[in-house]
Number of protein chains: 2
Amino acid sequence: MPTIKDVAERAGVSVATVSRALNGVPSVDPVLAKRVHAAARALGYRANGVARSLRRRQTDVWALIISDVANPFFTAIARGVEDVAQQAGYSVLLCNADEDAAKEARYLEVAERSLVSGVLLSPTITGSDIGRLQASGVPVVTVDRNLSEPVDSVLADSATGAFRATEHLLEQGWRRPACITGPRQAATAEDRMRGFLDALARHRIRRGRSLVRHTNYRADGGREATAELLDAADPPDALFVANSELALGALEELTARGLRLGRDIGMVAFDDAPWAAFIEAPLSVVAQPAYEIGVEAARLLLDRITAARKRPSDHPGAPAPPRTVLLGTRLIVRESSRRHR
Amino acid sequence: MPTIKDVAERAGVSVATVSRALNGVPSVDPVLAKRVHAAARALGYRANGVARSLRRRQTDVWALIISDVANPFFTAIARGVEDVAQQAGYSVLLCNADEDAAKEARYLEVAERSLVSGVLLSPTITGSDIGRLQASGVPVVTVDRNLSEPVDSVLADSATGAFRATEHLLEQGWRRPACITGPRQAATAEDRMRGFLDALARHRIRRGRSLVRHTNYRADGGREATAELLDAADPPDALFVANSELALGALEELTARGLRLGRDIGMVAFDDAPWAAFIEAPLSVVAQPAYEIGVEAARLLLDRITAARKRPSDHPGAPAPPRTVLLGTRLIVRESSRRHR
DNA sequence: TTGTACGCGTTATCAA
DNA sequence: TTGATAACGCGTACAA
């Protein structure tokens, strides 16, 4: 691989001039600039990004650490982030924490070591530690889930979405809805359970907590929780499910038992997965604006990065306080939640 | 951020000793090593990955460039790759080319600049240019799709899978199957069409090509192609669809027209998407071993990397010739392809 | 076994 | 406007 030195030799100028010409510094003699570009092209020169980063103490990449690549909700976020990033000249490094706090921590460390210029994170647990990153001045924005410590974040209004979904089930005449939600430490899992419980309380249904199951945010968890609920002494007649992966698991179990949605059991799930409209009884869902979440988060990050550049380590003003963008959800009623007899 | 120098000062040794101690060089006095580790921990030292990479001329990250993050087939591959990578101490940088050759080229360039130690790629088109990477000695393995130039690759046997799927439709009594496949330059799109055409030929069905539609590998493409086929003079009575995204689009169009799978029209699609079993008429599919593809590809890459390390730029032997791993597919028959009357 | 000193490829500073 | 040169932080010959 040719280096800047090779280009300099071939163009008959110093490395400094090459660097300036290639980086578009205006004060370079156009004639020399032309020679430099020609030489670079002839040699197939490509700047060594690593050396550049070392010197600039910053890279043009962001890390996007999501909790589960297999979940279409998160990949939609990724697209939103990516579109904004590309536009602004950044590349995004997508990391899959796989709902595993240890994996997440590893990626957080990689991000730190690699001098990424920003991190977008959907924290596996509310206690995820971004302290080191923050300390080294790397802007962090959380998506989908927030942390216990305050930090820029873009969230959907889970609690309200869950409340409305549950209320909708109740209004349809289902008497005993249960809730299958994610791990206790996941912010969204708590919020959605909260919305569910509030709706039950509002309708004077007692002992709501006994109708809640916490599990991992994956299909297998959804299946197990469904089985457990149905095998209980007083089984539910409807399900509020906290994401589309869990819904897939619930569907499996219901199908295995020959239970038909909308007749034998009602269901609403979070996330409008691409398949939701096509299953036997099309699935009613709480749709989150996933792509927009990605876009907004990327904008927040961009803001922080440019703000940091303006205030380079000395401090003519404290950094802006953390901002939270809360986006609304939309209840899409299809067949699974309607009561047929 | 503390540097190696800070650690050295605090431990009362030279930077060389710190480097050696932290990298586990055995010749370091255990006492000093202990002091070094203590100092590092106390300062919260973390090696600057960029500086390290510059010096070592290599990083411990791989780039995995996939054609579409929203497609569960590719995310399953990603998991396979990741599991092997983690095990071997590598991080994987997931890049989403989004079926866009230009985006893919950008990521290829990022990979080159960032000195990743290996690249896994599902090429958007057979003509994707990996020449520069290869020239700089970065091992490349393609997954799912191959390139026109020979290179390590892990593929599923698309043609055979397509052949069997089509034959299955014919055996079920569907008379006029059509094929919706991906872009002309995508390797899998061609292979699957080939398998389809071979099956038609075998059953003496003429003018097979008029029953093929090329489109992008996304839901919107699937929908359009379906509409076009159904509106044609002599519409098909069954569909062979080349991936699960296209299938989603086809499903949309069929639903909109009130056509029921298995009664009005037959269908088999590539890829056993998580939802395939749950739609109204459960979808018959050609399942590809996606996770295994990822695992095998990662192993191939690992092989190349270690081989390259043993033969560091001098050449006591030519590099091993490109290897191709071809994995089998499995036809899963559900309801959508069975002929009901 | 330890420390000194150099080089990795860039960018940024400074003097000319 | 240009060029020489000093960093950036780390790993490693080489000498001690």
Side-chain angles (χ1 to χ4, degrees), chain A residues 1-37 39-40 43-61 112-117 136-137 309 312-313, chain B residues 1-37 39-40 43-61 109-110 112-117 136-137 309 312-313:
Chain A
M1 254 176 45
T3 73
I4 198 173
K5 216 169 156 185
D6 302 319
V7 179
E9 261 170 42
R10 179 164 183 131
V13 296
S14 74
V15 291
T17 300
V18 174
S19 174
R20 284 188 288 248
L22 260 25
N23 287 303
V25 173
S27 71
V28 178
D29 182 337
V31 179
L32 290 190
K34 204 159 208 168
R35 280 219 319 258
V36 169
H37 281 105
L43 293 171
Y45 170 76
R46 207 145 288 181
N48 180 323
V50 174
R52 166 177 290 168
S53 303
L54 178 60
R55 180 60 233 224
R56 287 196 180 153
R57 325 183 75 164
Q58 186 156 130
T59 62
D60 54 354
V61 346
E112 189 190 348
R113 282 202 321 244
S114 324
L115 306 189
V116 299
S117 56
S136 20
R309 243 194 265 301
S313 84
Chain B
M1 255 177 44
T3 73
I4 199 173
K5 215 170 158 185
D6 302 318
V7 179
E9 260 171 43
R10 180 165 183 129
V13 298
S14 74
V15 291
T17 301
V18 174
S19 172
R20 284 187 287 247
L22 260 26
N23 288 304
V25 173
S27 71
V28 178
D29 182 338
V31 180
L32 290 190
K34 205 160 208 167
R35 285 225 309 266
V36 168
H37 281 105
L43 293 172
Y45 170 76
R46 209 145 287 182
N48 180 322
V50 174
R52 166 177 289 169
S53 302
L54 179 59
R55 177 63 231 220
R56 288 195 179 153
R57 326 185 72 162
Q58 185 154 133
T59 62
D60 53 355
V61 346
E109 207 183 312
V110 171
E112 189 189 349
R113 282 203 320 245
S114 326
L115 306 188
V116 300
S117 56
S136 23
R309 243 193 265 302
S313 84

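Just so it is clear, the model here is predicted, and its values are computed rather than measured. Heavy-atom basis, side chains included; hydrogens, waters and symmetry copies ignored. Order of the sequence lines sets the chain letters (A, B, ...), proteins ahead of strands, with each chain counted from 1.
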Between CD of A:E9 and C1' of C:dG9 the distance, given in whole Å, is 14 Å
B:L32 and B:T17 have their tightest heavy-atom pair at CD1-CG2, 4.4 Å
For C:dT2, take OP1 and OP2 only and decide whether either is under 4.0 Å from a side-chain N or O of B:S14. no
Keeping A:N23 on the side-chain end and A:V25 on the backbone end, is there a donor-acceptor pair under 3.5 Å? no
Would you please confirm or rule out a distance under 4.0 Å between OP1 or OP2 of C:dG7 and any side-chain N or O of B:R55? no
A:N23 atom CG is separated from C:dT11 atom P, nearest whole Å, by 5 Å
note: B:L115, atom CG; C:dC8, atom P; distance rounded to Å ~ 14 Å
Q.
Between A:R57 and C:dT10, is there a contact of a side-chain N or O with OP1 or OP2 at under 4.0 Å?
A. no
Contact class for A:V50 (heavy atom, under 4.0 Å): base, sugar-phosphate, or nothing? nothing
To the nearest angstrom, the CG-P distance between B:D29 and C:dG3 comes to 10 Å
Atom CZ of B:R35 and atom C1' of C:dT1 are separated, to the nearest Å, by 14 Å
Taking C:dG9, D:dT2, C:dT2 as options, the one with an atom nearest any side-chain atom of A:L54 is C:dG9
ask   = Within less than 4.0 Å of OP1 or OP2 of C:dC8, is there a side-chain N or O belonging to A:N48?
value = no
Has the side chain of A:S114 got a donor or acceptor atom that lies under 3.5 Å from a matching backbone atom of A:V116? no
task: Compare side-chain N and O positions of A:T3 against OP1 and OP2 of C:dG9 and report whether any pair is under 4.0 Å apart.
output: no
From the candidates D:dC10, D:dT1, D:dG11, the one with an atom nearest any side-chain atom of A:S27 is D:dT1
Smallest heavy-atom separation, A:T59 atom then A:S117 atom, equals O-OG, 3.2 Å
In whole angstroms, the gap separating P of C:dG9 from CG of A:L43 amounts to 14 Å
Among D:dT1, C:dA12, D:dG9, the one nearest any side-chain atom of A:A16 is C:dA12
task = Classify the nucleic acid contact of A:R20 as base, sugar-phosphate or nothing, counting any heavy atom under 4.0 Å across all strands shown.
result = base
Quick note, A:R52 side chain, CB onward, closest among C:dT11, D:dG9, D:dT2 is C:dT11
To the nearest angstrom, the CD1-P distance between A:I4 and C:dC8 comes to 14 Å
A:D60 atom CG is separated from C:dT10 atom P, nearest whole Å, by 14 Å
Shortest non-hydrogen pair, A:L22 vs A:Y45, comes out as CD2-CE2, 3.5 Å
Report yes if a side-chain nitrogen or oxygen of B:T17 is closer than 4.0 Å to either non-bridging phosphate oxygen (OP1 or OP2) of C:dG3; otherwise report no.
yes
